[in-house]
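The structure appears right after this line, and notes come after that.
Both ligands and their constituent atoms are indexed starting at 1 by order of listing. Bear in mind that the values here come from a model prediction, so they are computed numbers and not experimental data. Residue numbers start at 1 and run along the sequence shown.
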Amino acid sequence: MEKTKYIIIGNSAGGIGAAEAIREVDGAGTITIISDEAYPAYSRPLISEYLAGRYTLEKMLYRPAGFYEQNGIRTLLGEKVTKLDAAGHTLTLESGGTVTWEKLLLATGGTPIVPRMDGVDLQGVFTFNKLDDAMAIDEFLDRSKRRVRAVVIGGGLIGASVTEALVKRDVAVTIVEMKDRVLNTILDEEASALEAEALAGIGVTIITGHTAEEINGYASGEVRGVSLDNGRLLPCEMVILAIGVQPRLDAVHDSGIEINRGIVVDRSMAASVPDIYACGDVAEAYDFVYGENRLTPIWPNAYNEGRVAGRNMAGVPTEYEGGTAMNAVKYFGVNILSAGMVTPPGDGYDTVTRRYNGIYKNVIIKDGLIVGMVFAGDIEKAGIVYNLMKDGVDVNSFKDVLVADDFSLASLPEDIWRTKLALLTSEVASGIRAIEEPEEAVFDE
Ligand SMILES: Cc1cc2nc3c(=O)[nH]c(=O)nc-3n(C[C@H](O)[C@H](O)[C@H](O)COP(=O)(O)OP(=O)(O)OC[C@H]3O[C@@H](n4cnc5c(N)ncnc54)[C@H](O)[C@@H]3O)c2cc1C
């Protein structure tokens with residue numbers, strides 16, 4: 001049986017954040033990162049760029065070659081953890097071995113939800129969550145002799161990402177969305193409508209208010225089409241299941257670790273069992289907008305939570321200041337940034353809204369504090385609004401300027417902009433830029 005001081009399951013945003021934070025304070029303790037993906041850490045959000053043909057794996061790697069070696073990090077890649085014995089500090093690998101730890105981090109991320117319906121095992125049905133998925137779709141398209149028709153089931157972030165890539169690959173795409181509009185969890189009605197218009201503009205068909213009931217196949221095992229709940233058949237050769245992602249808990253079940261929707265952690269990212277921590281998409285970490293722990297599955301949160309976990313694992317008490325669901329993406333030519341609540345959840349909320357030249361900005365305020373924002377078309381200064389939200393600044397006296405077309409730091413009362421100037425160079429601001437321009441940034445703090 002092998003023994004390692006620190007074991008990290010997951011070689012992605014959370015795992016890398018933790019390993020780096022550990023090394024900053026403990027240069028000697030052995031670190032092992034285990035992942036069932038076979039690649040060095042790559043940017044998951046860029047799998048759509050890979051599929052679109054704009055990125056190679058090499059360009060998606062966000063740490064230099066030699067990163068693991070230089071930091072004394074041992075990797076077990078392509079290796080799955082099948083079982084955890086929390087009390088015995090031992091985990092079991094699919095290949096048969098066991099490893100023991102002093103401190104363990106679960107940075108196992110999310111796994112796509114596969115609906116229970118006939119046909120999900122047919123050839124031509126894919127999920128879109130990892131590089132291997134993008135590679136499999138790529139190969140399928142390369143093998144196809146004529147123009148492929150795809151049905152994307154689910155019009156959320158993953159559905160939008162894969163649609164964008166498929167359109168670039170000249171695939172005819174139909175999105176089937178159960179709710180009444182696309183991107184409904186991250187956008188309000190108006191911003192959704194702008195995205196729907198942009199999608200229609202690039203030839204994507206959107207069917208809302210309906211669900212897929214069955215994927216139909218030929219005797220050969222290939223996809224023939226998708227049947228909807230209204231009896232309509234959408235003929236297609238390819239189906240992408242994009243109805244959502246859930247925390248990946250397969251190694252954790254029966255371990256005694258407390259799980260709600262994700263792994264329950266405190267502000268030090270410690271799980272309910274001693275010496276075990278969790279971060280990223282698998283963990284319910286503190287959300288400063290809601291003032292409670294929730295799933296906030298985005299890249300910068302995973303990385304920051306990983307850093308906090310790593311420091312605590314290495315014995316340096318550190319508290320996670322909190323994150324929130326913040327998405328800054330460019331789909332179909334429309335820049336969007338949304339964060340916190342995207343629609344007021346009840347009475348007692350104030351909104352400031354502005355529309356001009358195809359641009360839409362909406363900020364939601366409660367008791368003077370920003371609790372949510374949706375910017376579409378122009379997100380250049382959205383980072384300032386996000387920072388005001390994060391810092392809990394009372395904006396009541398100047399709320400209208402937040403959505404003005406010429407809004408800038410100088411629009412804020414002087415005492416506030418002087419402090420914000422420093423914050424704008426903070427990691428939150430760079431996190432926002434990072435997602436917009438992943439090729440440059442991403443993943444430096
Ligand atoms: C298509 C797509 C687009 C996205 N776009 C954005 C975006 O624009 N902006 C943004 O902020 N976020 C985006 N995200 C979300 C972002 O990628 C995640 O929030 C982030 O990757 C979470 O990091 P993580 O370290 O928690 O987990 P993950 O990145 O999910 O990594 C977890 C790793 O652990 C491995 N693992 C899990 N269980 C085991 C086990 N039992 N044994 C061995 N290995 C295991 C997994 O295989 C995986 O490699 C996107 C995600 C997808 C899929």
Side-chain angles (χ1 to χ4, degrees), residues 7-19 32-51 60 62 75-84 91-95 99 105-112 127-134 137 154 156-165 186 240 242 244-253 255 262-263 269 278-283 285 295-307 309 323-331 336-339 431-432 434-438 441-443:
I7 291 192
I8 296 170
I9 311 178
N11 180 34
S12 187
I16 294 296
T32 299
I33 296 184
I34 307 174
S35 174
D36 57 3
E37 290 194 82
Y39 313 101
Y42 66 88
S43 165
R44 197 169 301 284
L46 290 179
I47 62 172
S48 57
E49 297 293 345
Y50 178 92
L51 179 57
M60 293 163 73
Y62 54 83
T75 52
L76 292 175
L77 302 183
E79 183 72 82
K80 186 173 166 187
V81 175
T82 51
K83 196 163 179 264
L84 276 190
L91 54 80
T92 307
L93 302 172
E94 194 170 49
S95 60
V99 193
L105 176 67
L106 301 164
T108 53
T111 189
T127 52
F128 195 64
N129 188 57
K130 54 184 198 270
L131 184 57
D132 283 344
D133 296 334
I137 297 171
L157 269 172
I158 305 280
S161 284
V162 73
T163 295
E164 179 140 67
I186 64 156
I240 313 287
V245 173
Q246 62 194 356
R248 187 165 159 192
L249 298 161
D250 49 333
V252 183
H253 284 307
S255 64
I263 297 174
M269 307 309 297
C279 69
D281 289 8
V282 78
L295 297 172
T296 56
I298 61 164
W299 210 101
N301 291 352
Y303 182 79
N304 291 333
E305 291 165 24
R307 284 194 57 82
T324 196
M326 185 275 288
N327 288 285
V329 283
K330 186 175 184 180
Y331 287 134
I336 49 180
L337 186 148
S338 77
I432 289 173
I435 306 166
E436 282 173 67
E437 300 161 355
V442 182
F443 310 110

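A donor-acceptor pair under 3.5 Å links the side-chain atoms of Tyr42 to the main chain of Leu131, judged by distance alone. Of the possible polar contacts, none joining the Asp250 side chain to the Thr82 backbone as a donor-acceptor pair under 3.5 Å is found.
For ligand 1, the polar-atom distance check against Asp281 finds a nitrogen or oxygen pair separated by under 3.5 Å. Between Asp36 and ligand 1, an N or O atom pair is found at a separation short of 3.5 Å. Inclusion of Gly15 in the set of residues having an N or O under 3.5 Å from an N or O of ligand 1 is not warranted. Checked by distance only, ligand 1 and Asn327 stay at 3.5 Å or farther apart across all their nitrogen or oxygen atoms. Taking distance alone, with nitrogen or oxygen atoms compared against 3.5 Å, Glu37 approaches ligand 1 more closely than that limit. For Gly14, a nitrogen or oxygen atom sits less than 3.5 Å from a nitrogen or oxygen atom of ligand 1, counting backbone and side chain alike.
Checked against Thr127 for a side-chain contact (heavy atoms from CB on, under 4.5 Å), the options Asp132, Asp133, Thr111 give a single hit: Asp133.
Minimum interatomic distance between Glu37 and Lys130 (heavy atoms only, all atoms of both residues): OE1-CB, 3.4 Å. Nearest heavy atoms, Ala328 versus Leu337: CB-CD1, 3.8 Å. In this structure, Leu105 and Ala309 approach most closely via the heavy-atom pair CD1-CB, 3.7 Å. Scanning all heavy atoms of the two residues, the minimum distance from Ile33 to Ala19 falls at CD1-CB, 4.1 Å.
Residue contact check: Gly10 has heavy atoms under 4.0 Å from atoms 33 (C), 34 (O) of ligand 1. Heavy-atom proximity to Ala251, at under 4.0 Å, picks out these atoms of ligand 1: 41 (N). Of all the atoms in ligand 1, the ones that sit under 4.0 Å from a non-hydrogen atom of Ser35 are 35 (C), 43 (C), 44 (N), 49 (O). Numbered from 1 in the order shown, with element, the atoms of ligand 1 that lie under 4.0 Å from a heavy atom of Gly110 read 30 (O). Of all the atoms in ligand 1, the ones that sit under 4.0 Å from a non-hydrogen atom of Ala107 are 32 (C), 33 (C), 34 (O). Shown in contact with Val329 at under 4.0 Å from a heavy atom are these atoms of ligand 1, numbered in order with element: 8 (O). For ligand 1 and Lys80, the ligand atoms under 4.0 Å from any heavy atom of the residue are 42 (N), 43 (C). Within the listing of ligand 1, atoms 1 (C), 2 (C), 52 (C), 53 (C) sit less than 4.0 angstrom from a heavy atom of Ile158.
Proximity of Pro297 to ligand 1, defined as any heavy-atom pair under 4.0 Å, is confined to the backbone N, CA, C and O atoms. At a heavy-atom distance under 4.0 Å, no atom of Lys130 approaches ligand 1.
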Run Asn11 and Tyr39 through side chain to side chain contact (heavy atoms under 4.5 Å, CB included) and show every step you take. CA-CA 9 Å; Asn11 180 34; Tyr39 313 101; over 6 Å; no
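Under the rule for a side-chain contact (heavy atoms from CB on, under 4.5 Å), the partners of Ile34 that lie at least two apart in sequence or sit in another chain are Ile7, Thr32, Leu76, Glu79, Val81, Leu91, Leu93.
In this structure, Ser48 has no heavy atom closer than 4.0 Å to ligand 1.
Pairs of residues two or more places apart, or lying in two chains, never qualify as salt bridge (Lys or Arg N to Asp or Glu O under 4.0 Å) while including a residue from residues 8-19.
Asp36 and Arg248 are joined by a salt bridge, as a carboxylate oxygen and a charged side-chain nitrogen come within less than 4.0 angstrom of each other.
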